[in-house]
A.B. asks: 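I'd like to ask some things about the structure below.
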Amino acid sequence: MEITRSDVENVAQLAKLKFDDDEIDQLRQQMSSIISYFEKLSELNTDDVAPLSHVLDITNRMRPDEVRESLPQDIALSNAPVSKRGYFSVPKVISND
Amino acid sequence: MEFETVIGLEIHAQLLTSTKIFCTCSSSFGAEQNTHACPVCLGMPGVLPVLNKKVVEYAIKMGLATNCKIASRSIFARKNYFYPDLPKGYQISQFEEPICEYGHVDIIVEGEPRRIRLTRIHMEEDAGKSIHAEEFVASDETLVDVNRCGTPLIEIVTEPDIRSPREAFVFLNELRQILRYLNICDGNMEEGSLRCDANISIRPKGDTKLGTKAELKNMNSFRGVEKAIEYEVLRQTDIITSGGKVQQQTLLWDDKRMEVQPIRSKEMAHDYRYFPDPDLVPVDVAPEWIEAIRADMPELPAARRERFRTQFKLPEYDAAVLTETKDVADYFEAVAAHIDDAKLVSNWIMGEVLRTLNEQKLDIADFPINPQRLAGLVDLIQKSVISGKIAKSVFTEMLTSTDSAQQIVDAKGLTQVSDSSELDQVINDIITANPDAVERFKAGETKLTGFFVGQIMKATQGKANPKVVNQLLMEKLNKK
């Protein structure tokens, strides 16, 4: 399958990444070849194969509903470039709220 | 042209677990900002989510209560989007293979039975909270509190089976009641522990093809849901009847201005690129587990309403009011166990008890008169020891006392006077003292009976048995 420039631009936008024209072209080619590689799988007959949702053959790893201590607020915020009054401060989100 | 309204609802219910869905942070409401956070819910690299077993149990419970098929295998997926209140850059949810599918809830809307089918119920995590409006937020920033990140939710999705705003209201109310009976969600829409989005379209009556839908969000009260949908149906009808086309868009309901606002289209460019989350292994639900959960479920609201009508012979209205919450229904049954006259018990609970709870903003769990004490009071009325009127003053007394109704009646000498020889004298005195009224009564002014009864009650401080008074009074007046 051929990946178009607009496919690359769409994925870039969803990932919030910006590329110049040369990069887009390079990514278009790389992504095309990755997709083509996966297309090889279509040659197999998978009629009787259930979709694999997980590579590990284990299920039901669950824990009891018991509270353990959380991080102190200052540690929770310690990686934040900006924090204020115990909150993370991020660039303003455009919103109708 | 006549139109038909088509509504589907998506309901998010916050589950009443102690911890979050994938980490051991507390999920309780109201803590100081960013104090219920750990590397997992902060989305640090290299951490692994571990599923809270209770979340699965609660989701299965809701599935069973709404006649769903419980999936023997269920998986989690990542829903990818960027928003500051979602630290990982994806929400863990379920997409393919949700825990419950193909359910239904039966409701009665304006006397008509309706079945609303459920497409699915799935488990997911909540996002954090963005703060935009407080005065300490600068104009170029948004503040984020991650305490709510990872709070367990179930999302309940209906088929487009709902046909009116009223029906949406009744359905939502029924669903909330079930959640509360199961004790898995507190159902508080104002605080956001129950949220409802609606997909709304209209089509010419008789058409089978769905019209273009609008998605309505931000309806944070039951009344708001009904009002918002009413508004949106009118808006779409206006557009179509004036020759326009409804646009597929997301709208926010503004409860104060009672109107909808479109969300800017830029934020609408959703492409969630769901894929199975490799961090979480599948959940297998064995039939034994389902049966163990089923065995632990209480009688559900609809069944209980029906039983209150048949077992206690209560009118539909009483049955609905008394079963509104499980605790009130339990209270009623605890009182009714001691009293033959269930309707009398119902009147007292629907009247004095619920009124007091309402006035004092109390839960029935904290009500000062326990079922046994109320039964004692109702028993005295039933046995004609006190009148209903005296009973109300005893009830008021009981609210601030630990004495039984009998003790209060004894201490205050409130026992009803039913002895006709005792009442004879009182009635004779009243008749003698009011010759005018007697004349007028004899001339046909029968409503004066009320006057005489009132005087007799006054003379006996309300203790005279009204039945005996009436009987004696009529005998004496008619003999005059």
Side-chain angles (χ1 to χ4, degrees), chain A residues 3-4 6-18 31 34-35 38 41 46 49-97, chain B residues 17-19 23-28 32-39 41-42 44 50-56 73 75 80-85 96-97 128 130-133 136-146 252 261-264 266-267 269 271 273 276 278 280-284:
Chain A
I3 298 291
T4 65
S6 91
D7 289 333
V8 178
E9 280 162 356
N10 181 38
V11 174
Q13 196 221 325
L14 288 167
K16 300 230 190 276
L17 295 172
K18 277 210 172 76
M31 285 164 73
I34 293 168
I35 294 289
F38 272 88
L41 291 173
T46 55
V49 181
L52 179 75
S53 49
H54 205 281
V55 292
L56 298 178
D57 195 21
I58 53 172
T59 61
N60 292 12
R61 287 304 136 106
M62 290 177 267
R63 62 174 173 84
D65 185 32
E66 285 160 15
V67 179
R68 291 199 207 157
E69 217 169 315
S70 298
L71 295 174
Q73 191 191 58
D74 58 326
I75 303 290
L77 292 168
S78 58
N79 278 322
V82 190
S83 64
K84 182 173 170 182
R85 294 187 179 223
Y87 292 100
F88 293 90
S89 170
V90 300
K92 187 172 181 61
V93 182
I94 303 163
S95 124
N96 279 12
D97 288 355
Chain B
T17 54
S18 305
T19 64
C23 67
T24 54
C25 287
S26 164
S27 58
S28 67
E32 198 190 335
Q33 58 272 24
N34 296 310
T35 56
H36 289 173
C38 75
C41 55
L42 281 166
M44 294 293 170
V50 184
L51 179 60
N52 182 343
K53 189 174 183 185
K54 199 158 240 175
V55 172
V56 184
R73 167 159 293 196
I75 60 170
N80 299 280
Y81 67 95
F82 288 120
Y83 205 78
D85 60 17
E96 297 156 311
E97 305 184 45
S130 308
I131 318 269
H132 312 278
F136 53 81
V137 182
S139 61
D140 61 348
E141 70 177 351
T142 294
L143 298 182
V144 179
D145 172 12
V146 301
L252 289 182
Q261 292 285 340
I263 293 184
R264 286 173 211 183
K266 206 173 135 192
E267 288 169 76
D271 178 356
R273 295 151 293 150
L280 288 151
V281 297
V283 178
D284 280 354

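Computed from a prediction, not measured in an experiment: that's the story for all the values here. Residue numbers start from 1 in every chain, and the chains themselves are labelled A, B, ... in the order their sequence lines are given, proteins ahead of strands.
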A.B. asks: Do you know the tightest heavy-atom contact between B/S26 and A/S70?
C.D. replies: N-OG, 4.4 Å
A.B. asks: Under 4.5 Å heavy-atom distance to chain A, tell me which part of B/D140 shows up: side chain, backbone, both or neither.
C.D. replies: backbone
A.B. asks: Between B/C23 and chain A, with a heavy-atom cut-off of 4.5 Å, which part of the residue counts as in contact: side chain, backbone, both or neither?
C.D. replies: backbone
A.B. asks: Considering only heavy atoms, which portion of B/I75 lies under 4.5 Å from any heavy atom of chain A: side chain, backbone, both, or neither?
C.D. replies: side chain
A.B. asks: Please find the pair of heavy atoms, one from A/L71 and one from B/L42, that lie closest to each other, and give the distance.
C.D. replies: CD1-CD1, 3.9 Å
A.B. asks: Report which part of A/N10 has an atom under 4.5 Å of a heavy atom belonging to chain B: side chain, backbone, both, or neither.
C.D. replies: side chain
A.B. asks: Taking atom types as modelled and ignoring hydrogens, do the side chains of A/D65 and B/N52 form a donor-acceptor contact shorter than 3.5 angstrom?
C.D. replies: yes
A.B. asks: With a 4.5 angstrom heavy-atom cut-off, could you sort out which part of B/I131 is near chain A: side chain, backbone, both or neither?
C.D. replies: side chain
A.B. asks: Who wins among B/R273, B/E97, B/R73, B/E96 for the most heavy-atom pairs under 4.5 Å with chain A?
C.D. replies: B/R273
A.B. asks: Kindly state each residue pair satisfying side chain to side chain donor-acceptor pair (under 3.5 Å) with at least one member in residues 76-89 of chain A, sequence neighbours excluded.
C.D. replies: A/K84-B/E141, A/S89-B/E141
A.B. asks: Taking all heavy atoms of B/V56 and all of B/V283, pick out the closest pair and write down the distance.
C.D. replies: CG1-CG1, 4.1 Å
A.B. asks: Out of A/L56, A/I58, A/I75, which one racks up the most heavy-atom pairs below 4.5 Å with chain B?
C.D. replies: A/I58
A.B. asks: Report which part of B/P84 has an atom under 4.5 Å of a heavy atom belonging to chain A: side chain, backbone, both, or neither.
C.D. replies: side chain
A.B. asks: Hey, does the side chain of B/D271 reach the backbone of B/N80 with a donor-acceptor pair shorter than 3.5 angstrom?
C.D. replies: no
A.B. asks: Using a cut-off of under 4.5 Å for heavy-atom pairs, which of B/C25, B/P276, B/S18 has the most such pairs with chain A?
C.D. replies: B/S18
A.B. asks: Is any side-chain heavy atom of A/V67 less than 4.5 Å from a side-chain heavy atom of B/S28?
C.D. replies: no
A.B. asks: Need one label for B/A138: side chain, backbone, both or neither, based on atoms under 4.5 Å from any heavy atom in chain A.
C.D. replies: both
A.B. asks: Against chain A, work out which of B/A133, B/G128, B/A37, B/P39 has the most heavy-atom pairs shorter than 4.5 Å and name it.
C.D. replies: B/A37
A.B. asks: Would you mind checking which part of B/F136 comes under 4.5 Å of any heavy atom in chain A, side chain (CB onward), backbone (N, CA, C, O), both or neither?
C.D. replies: both
A.B. asks: Write down the atom of B/L280, the atom of B/L51, and the distance for their closest heavy-atom approach.
C.D. replies: CD2-N, 4.3 Å
A.B. asks: Apply side chain to side chain donor-acceptor pair (under 3.5 Å) to B/S27 and list each qualifying residue two or more places apart in sequence or on a separate chain.
C.D. replies: none
A.B. asks: Can you tell which part of B/S139 gets under 4.5 Å to a heavy atom of chain A, answering side chain, backbone, both or neither?
C.D. replies: backbone
